[in-house]
Amino acid sequence: PGPMTVRAWSKGSAGTGSLGEPPHRIKIADAVKALREALDSAGNSDIHDPDRLVADFLNRYSSDTSLQSWTRRDTRRAARLLFYEGQAGERLIDNADFTSAFFDLVQRKPIPSLTRILTLHFFQHFEPNSAATRALAQLLTALPASSRPSLLEQALDEGFIDTRAGPKRLSEAVDAAREDDACKGMEACGLPASLHASRFAAEAFASFCGKTTDKGNDAVENIEKVLSWGFARSAGSAQQAAERYPRQLAALCGALLLPWADRADPPKPLEIRIRNLLIGVLGDPRLPKSSPRWNKVDPEAVTILRRWQNRASVLQFFDIVTETMSDPDEKRMWRYRRAFWTAYMDYLDDAYVVFATGAARLARLRAQQTGDDSFKLFGQFSTNPPLRRQAVLILRIGDATVAEWSHNGACRIWSSNEPIAPKPYQKTYGVYDLRNAKTSIVHHSNETYGWQHKVAEDLRLRTGVRLRQADYAVGS
């Protein structure tokens with residue numbers, strides 16, 4: 001229906017004894033309220049020298065502790081600068097005497113535009129154990145309804161203005177929302193997009209992650225919300241994501257990785273998304289140049305991601321090399337080699353692939369086709385081997401380092417402490433460096449598991465890892 005006219009209003013109100021507010025006045029009042037809130041959130045455009053203003057406010061307070069002489073503009077500016085930390089390093093909010101006087105002033109002259117600024121501060125600068133945050137929460141809770149902007153009104157209704165329980169209530173509200181997108185869940189309970197990256201939302205996110213990490217819950221149900229809540233798309237990019245809450249890195253990684261510590265790994269598409277996002281932001285934890293921030297993450301979570309990455313490297317090796325093969329005998333032989341090395345995946349400390357030019361092109365193409373960024377991580381030969389589609393899988397299993405050559409290449413094994421043992425994750429390798437081993441086992445007698453027994457026994461002696469033929473038998 002269209003907007004009510006004054007005539008329709010008067011007819012519909014006849015005989016009621018009260019006409020109430022005419023529709024045009026209601027609309028004007030709503031417009032004025034919206035305009036005030038818009039102007040209020042426009043930023044600090046009239047504050048050109050915040051350090052000078054902060055010092056001026058403190059000086060004026062020392063001579064007028066009741067702040068009786070302050071104008072509305074003074075009050076609004078001081079409200080905006082409460083949490084400003086300038087060159088002097090002192091925030092107005094940390095001066096308990098000033099804050100007490102200022103909050104008394106706000107209570108004496110409460111106006112929605114001013115209380116909106118303070119409400120935004122509560123969310124943006126939220127610290128659960130801060131006396132300043134507690135004092136601000138007490139002020140906002142005590143304000144009369146007539147001075148509450150819509151943001152504060154809904155926040156009070158939801159129970160968010162509470163330093164102890166507020167973030168948990170937001171976490172529970174997002175959890176209860178039907179939306180997989182956590183941002184839509186926050187908006188549904190009154191938290192606008194401008195506050196989705198606030199410290200209050202970060203605390204709520206950490207609470208939500210704690211529930212997801214709990215091994216008693218079904219992590220898959222919550223994982224989409226963790227991903228949508230924990231990552232924000234970078235401006236101008238549909239692919240690159242950034243952490244929404246860098247201070248909650250440990251909670252984010254724990255929620256995405258720890259649920260899989262004692263259960264089957266996630267579905268492959270979900271695993272790829274998790275790997276791509278975490279490694280896109282922090283780098284591969286297996287690499288020497290990865291972010292030192294991995295040190296802040298639970299080691300068990302890092303181990304899970306390393307396991308996924310190692311497995312991805314092993315499968316990358318076999319998938320790409322398979323694409324280079326056209327000879328039926330080669331493909332038949334390759335089945336046995338794949339079965340053997342995939343049986344060792346739970347024992348791998350490191351896994352890395354080295355490609356010749358032809359195989360490298362296939363790996364880059366596969367990364368584009370599948371969206372799996374692990375296909376982009378490989379080394380290359382400094383000079384190509386005779387067979388340009390050849391590849392090498394470098395594995396580290398305990399005290400053993402293995403270089404498994406593709407096609408008609410042999411398996412080389414070193415003790416990991418040998419100076420000449422190849423190190424994984426280099427950009428380039430010389431062909432000789434990946435062949436210069438005392439132990440070289442040729443892949444003879446696939447069907448009777450001849451070479452497999454030799455390699456398995458060598459690795460048992462070096463590492464203590466014992467596999468039975470049934471563990472790597474084709475078709476088992």
Side-chain angles (χ1 to χ4, degrees), residues 37 40-41 43-44 78-86 89-96 98-100 102-103 106-107 112-143 148-175 177 182-183 185-211 225-226 228-232 242-252 254-255 296:
E37 293 190 0
D40 187 58
S41 60
N44 300 333
R80 286 177 175 167
L81 292 173
L82 273 178
F83 288 85
Y84 173 75
E85 187 171 344
E90 182 182 6
R91 304 183 305 175
L92 288 174
I93 194 71
D94 295 326
N95 187 316
F98 171 84
T99 300
S100 177
F102 183 76
F103 284 178
V106 173
Q107 284 187 306
S113 62
L114 183 60
T115 55
R116 179 175 171 80
I117 295 173
L118 298 176
T119 305
L120 292 174
H121 278 324
F122 175 82
F123 288 108
Q124 292 167 339
H125 302 282
F126 182 86
E127 292 287 350
N129 300 315
S130 163
T133 305
R134 288 195 298 271
L136 185 53
Q138 291 171 0
L139 170 67
L140 294 173
T141 303
L143 289 172
R148 296 173 186 167
S150 56
L151 174 62
L152 177 57
E153 194 69 54
Q154 188 157 3
L156 288 168
D157 289 344
E158 297 284 351
F160 295 159
I161 309 300
D162 184 326
T163 56
R164 183 183 58 84
K168 184 180 179 182
R169 286 173 181 149
L170 175 59
S171 170
E172 291 170 347
V174 172
D175 189 23
C183 292
M186 285 191 281
E187 290 172 3
C189 55
L191 204 68
S194 60
L195 294 177
H196 289 180
S198 65
R199 289 185 178 181
F200 182 90
E203 288 291 328
F205 174 71
S207 175
F208 186 82
C209 287
K211 176 182 178 181
K225 287 182 179 178
V226 173
S228 64
W229 202 347
F231 291 96
E243 297 165 86
R244 199 184 299 276
Y245 312 111
R247 299 197 331 179
Q248 301 295 348
L249 173 67
L252 170 66
K296 299 179 180 180

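Throughout, residue positions are numbered sequentially from 1 according to the sequence presented. Basis for what follows: all heavy atoms, side chains included, without hydrogens, waters or symmetry-related copies.
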Next on the checklist: Measuring from atom OG1 of T163 to atom CZ of F122, what distance do you get when rounded to the nearest 0.5 angstrom?
Outcome noted: 6.5 Å

Checklist entry - If you take all heavy atoms of S171 and A204, which pair is closest and at what distance? => result CB-O, 3.4 Å

Checklist entry - When rounded to the nearest 0.5 angstrom, what is the spacing between CD1 in I93 and CG in L118? => result 8.0 Å

Next on the checklist: Rounded at 0.5 Å granularity, tell me how far NZ in K211 sits from NZ in K168.
Outcome noted: 10.0 Å

Checklist outcome for this item: What one should report as the nearest heavy-atom pair of F205 and Q248 is CD2-CB, 4.2 Å

Item to check | Full working for side-chain contact (heavy atoms from CB on, under 4.5 Å) between L151 and L120 | outcome: CA-CA 9 Å; L151 174 62; L120 292 174; 3.7 Å; yes

Item to check | Main-chain N/O of T115 paired with T119 side-chain donor or acceptor, under 3.5 Å | outcome: yes

Checklist entry - Are the side chain of K296 and the backbone of L249 linked by a donor-acceptor contact shorter than 3.5 Å? => result no

Item to check | Separation of F123 CZ from L152 CG (nearest 0.5 Å) | outcome: 8.0 Å

Item to check | Minimum-distance pair of heavy atoms, taken over all atoms of A173 and C189 | outcome: CB-SG, 4.1 Å

Checklist entry - Looking only at atom types and distance, does a side-chain atom of K225 sit under 3.5 Å from a main-chain N or O of D175, one as donor and one as acceptor? => result yes

Next on the checklist: Parallel, tilted or perpendicular, judged at 30° and 60°: which one describes the rings of F208 and W229?
Outcome noted: tilted

Item to check | Separation of E203 CD from Y245 OH (nearest 0.5 Å) | outcome: 10.5 Å

Next on the checklist: So which atom in G190 and which in P192 form the shortest heavy-atom distance, rounded to 0.1 Å?
Outcome noted: O-CD, 3.3 Å

Checklist entry - Residues in salt bridge (Lys or Arg N to Asp or Glu O under 4.0 Å) with E153, at least two apart? => result R148

Checklist outcome for this item: Nearest heavy-atom contact between A255 and V226 is CB-CG1, 4.0 Å

Checklist entry - Stepwise, does the side-chain contact (heavy atoms from CB on, under 4.5 Å) test hold for V174 with M186? => result CA-CA 6 Å; V174 172; M186 285 191 281; 3.8 Å; yes

Checklist entry - Is a side-chain donor or acceptor of T99 paired with a backbone partner of L92 at a separation under 3.5 angstrom? => result yes

Checklist entry - Could you walk me through whether F98 and L82 pass the side-chain contact (heavy atoms from CB on, under 4.5 Å) check? => result CA-CA 10 Å; F98 171 84; L82 273 178; 4.2 Å; yes

Checklist entry - Listed by chain and number, what are the salt bridge (Lys or Arg N to Asp or Glu O under 4.0 Å) partners of R244, not counting sequence neighbours? => result none

Next on the checklist: Test your reading of the model: is there a side-chain donor-acceptor pair from R169 to the backbone of G159, 3.5 Å cut-off?
Outcome noted: yes

Item to check | Interatomic distance, L195 atom CG to Q124 atom CD [nearest 0.5 angstrom] | outcome: 5.5 Å

Next on the checklist: Has T133 got a side-chain atom pairing as donor or acceptor with E127's backbone, closer than 3.5 angstrom?
Outcome noted: yes

Item to check | Whether F160 and F200 hold their rings parallel, tilted or perpendicular, with breakpoints at 30° and 60° | outcome: tilted

Item to check | Parallel, tilted or perpendicular: ring planes of H121 versus H125, cut at 30 and 60 degrees | outcome: tilted

Checklist entry - side-chain hydrogen bond (donor to acceptor under 3.5 Å, both in side chains): which pairs involve residues 186-197, sequence neighbours left out? => result none

